[in-house]
Structure formats: structure tokens, C-alpha cells
Student: 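Take this structure, written in C-alpha cells, and hold onto it; I'll ask about it next.
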Protein chains: 2
Amino acid sequence: MFDPVCPSDLSPIRVGDKWAGMIIRCLEQGPRRFSELRAPLRGITAKVLTQSLRGLERNGLVVRTVHAGPPRRVEYGLTPLGRSLLEPMAALCAWTEEHWDELLDARETAI
Amino acid sequence: MFDPVCPSDLSPIRVGDKWAGMIIRCLEQGPRRFSELRAPLRGITAKVLTQSLRGLERNGLVVRTVHAGPPRRVEYGLTPLGRSLLEPMAALCAWTEEHWDELLDARETAI
DNA sequence: ACGGGTGGTTACCGGCGGGATACCGGCCGG
DNA sequence: CCGGCCGGTATCCCGCCGGTAACCACCCGT
């Protein structure tokens, strides 16, 4: 039923790593610079942000463009593919918000 | 923008662990026994399956019911909450299949 | 009595994801 | 010349996730 080469291993659905989902949502409104990403993602370190962005690039969800300077600007933006992911992600967000209480309940009563 | 107590930490969206997504899809048709889950999830060990199921229970997505015997049967089934998750998950699966080629391309051209 | 299936538990272990910290070159303003 | 912002890289470290292997009680059929 699920062979060893399972889709979920390649699929960026589990959108990748810990921060990938937030990064994508940060880029929803348009391209942003490195430091403009660090700010809203409270707590992320430069290294981890770089890692995550490189991962998103590898998966074709994000493009890195260097606007040669000086001053030099580096911007990260969604590719059409990345942009297309926003829809299903929104569905997931909606689900989460809709069932927030049940999720909290389950967690508490479980302990 | 994303405070420390970020939804994605509690949300089972990144459906949980490595196997959770497949388990849920396995239970789509109805409750299954422990061994009926092990079979289709090729390669999963008893321990890891137990872990994953306990996790899904804690999140209120799966119920464990022991039909007292003898013979004793243990069945795992989706809760209404778990069942409601099938919709957004289907959206994600659809997206993945739809963009399969682009994903492969991105991976290859990236190396 | 014994083997086999069911439904696990326990101990151990390696890899990797992610965080902290330090450092870096380039360019800017003062 | 000094400091600071930008966009990173290098290094170390720790925890957790997932896998392996061994073991377990209980029940069944022969």
C-alpha cells in the first residue's frame, strides 16, 4: 500500500522543516529580504533561516534573487509552485483554527 | 507575527510524526487492528507503530478500543476529529500529485 | 506440550534537526 | 578610523525520532 519510496518523503507537504510553513506565509504578500524574514520569525537564528531557505529553494518553492548593488540586496520570493501551495496550506490553517478547542481538550484530558 | 506559542507547535498539521499521515489514511475505511495496520505500513516496527498510535490518541485523532475477549481484539479507529482531518489532507495529496513533475524537476536541477 | 499469532514493552543506539555562539567580508555613515 | 547593519558561514552541542533486538503474557490449535 505504501511502498518504501513513499510520496511523503519527497513531498514538501510536511512542509519541510520546522519553519518552512511560516516562511512561506511570510512571503505571501511578496518578496522579502533576509532580515525582513528574521524579524517576524521570532527566535530563528541566521543559520537555521539560511538552512530552511536553502531547503525551500531546493524544492523549488522559493527563489533567491540578488539585486546587485551597491547596496546589495538579497530577496526571497515564492515561485509559482510555492504560491500554489498557499491554497492547501490555507485549508490546513482553517482546519486548525476550527478545531482548536478540541485539540486543546484532547491534549489536556490525555496527560 | 508568529509568537513563541505558535499554532504549528500544537497543530497536528505536520501531521505528527513520520507515519501518522499514513496511519490516518489507513483508517479511512474504518477501524483496524494493530496487525492490520502493521501489514500495509511496510517496514514499521511494533514499537514505532505503538508510539505513533499513542501520539495520535493524545491528539484526539484516534481511539483505541479493546473488545474484551477471548479472543481479545484491539482496534484503532478515527475519531470525528481525526475524520475531519481527511479533507484538508486530501487537498494536500491532490496538490502533491498535481505538482509531482515540478517537484522532481526542482530536486534534480538543484543538486 | 509446543509452536504460532496477537499486542505489546524495554533497553539500547545512531543520525540529524535545530539552537547557541562566534566569526566573517562588504558597505555604509559619522 | 570606528562602529553598525546586511547576509551570511563555521563549529559545537544536545535532544529527540526512529530503528534494532530482545523479551513478554495471553490465547489458540494440534
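Chain letters run A, B, ... following the sequence lines, proteins first, then strands; residues in each count from 1. Treat the numbers as computed from the prediction; the structure is a model and nothing was measured.
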Student: What's the CD-C1' distance between A:Glu36 and D:dG7, to the nearest Å?
Tutor: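 Taking atom C1' of D:dG7 as the reference, CD of A:Glu36 is at 13 Å.
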Student: Does atom CD (A:Glu28) have a neighbourhood of more than 12 heavy atoms from anything else shown, all under 6.0 Å?
Tutor: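 Yes, enclosed.
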Student: Find the distance A:Arg38:CZ to C:dG18:P and express it as a whole number of Å.
Tutor: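 Those two atoms, CZ and P, are 16 Å apart.
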Student: Let me know the distance between CG of B:Leu41 and C1' of D:dG18, rounded to the nearest Å.
Tutor: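 Atom-to-atom, B:Leu41 to D:dG18, this comes out as 14 Å.
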Student: Is B:Arg64 close enough to C:dG8 that one of its side-chain N or O atoms is under 4.0 Å from OP1 or OP2 there?
Tutor: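 Indeed, a polar side-chain atom of B:Arg64 lies that close.
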Student: Rounding to a whole Å, what distance do you find between B:Leu37:CG and C:dG7:P?
Tutor: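 Spelled out: CG on B:Leu37 to P on C:dG7 is 10 Å.
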Student: In whole Å, I'd like the distance from the CG atom of B:Leu49 to the C1' atom of D:dC17.
Tutor: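 Taking atom C1' of D:dC17 as the reference, CG of B:Leu49 is at 15 Å.
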Student: With respect to the side chain of A:Arg33, which nucleotide from D:dC6, C:dG7, D:dT9 is positioned closest?
Tutor: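 Closest nucleotide among those given: D:dC6.
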Student: Taking atom CD as the centre, does A:Glu87 end up with more than 12 heavy-atom neighbours from other residues, nucleotides or ligands that are less than 6.0 angstrom away?
Tutor: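 Incorrect, the count does not exceed 12.
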Student: Whether the side chain of B:Arg32 engages the backbone of B:Cys26 through a donor-acceptor N/O pair (distance < 3.5 Å, no angle test) should be reported.
Tutor: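 It does hold such a pair.
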Student: Nearest-Å distance, CD (A:Glu75) to P (D:dG7)?
Tutor: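 Atom-to-atom, A:Glu75 to D:dG7, this comes out as 9 Å.
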Student: Would you mind telling me which of C:dG19, D:dG8, C:dG8 lies closest to the side-chain atoms of A:Val48?
Tutor: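 Of C:dG19, D:dG8, C:dG8, C:dG19 is nearest to the side chain of A:Val48.
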Student: Categorize B:Arg54 for me: base, sugar-phosphate, or nothing, with a 4.0 angstrom heavy-atom threshold over every strand shown.
Tutor: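 Sugar-phosphate: the residue B:Arg54, judged by heavy atoms under 4.0 Å, touches backbone atoms but no base.
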Student: For A:Pro71 and A:Ala46, find the nucleotide of DNA chain C closest to each by heavy atoms; which residue's nucleotide sits nearer the 5' end?
Tutor: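 Result of the comparison: A:Ala46.
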Student: Is the backbone N or O of A:Arg33 less than 3.5 Å from a side-chain atom of A:Glu36, with the two atoms forming a donor-acceptor pair by type?
Tutor: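 At least one qualifying donor-acceptor pair exists.
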Student: Reckon A:Ser35 touches a base, only the sugar-phosphate, or nothing at all at heavy-atom distances under 4.0 Å?
Tutor: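 A:Ser35: backbone/sugar contact only, no base atoms under 4.0 Å.
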Student: Examine C:dG7: is either OP1 or OP2 under 4.0 Å from a nitrogen or oxygen in the side chain of B:Thr50? Give yes or no.
Tutor: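 For B:Thr50, the contact criterion (side-chain N or O under 4.0 Å from OP1 or OP2 of C:dG7) is not met.
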Student: Nearest to the side chain of A:Thr45 - C:dA20, D:dG7, D:dT9?
Tutor: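 The closest nucleotide is C:dA20.
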Student: Short question: side chain of A:Thr96, backbone of A:Leu92 - any donor-acceptor pair under 3.5 Å?
Tutor: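 Answer holds: yes.
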Student: Rounding to a whole Å, what distance do you find between B:Gln51:CD and D:dC16:P?
Tutor: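 In whole Å, D:dC16 P and B:Gln51 CD are 13 Å from each other.
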Student: Using atom CE of B:Met22 as one end and atom C1' of D:dG18 as the other, report the distance to the nearest whole Å.
Tutor: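 To the nearest whole Å, that distance equals 12 Å.
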Student: B:Lys47 has a side chain; which of D:dG7, C:dC12, D:dT11 sits nearest to it?
Tutor: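 Selected nucleotide: C:dC12.
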Student: What nucleotide, of C:dG7, D:dG18, C:dG18, holds the atom closest to the side chain of B:Val74?
Tutor: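 Per side-chain heavy atoms of B:Val74, the pick is C:dG7.
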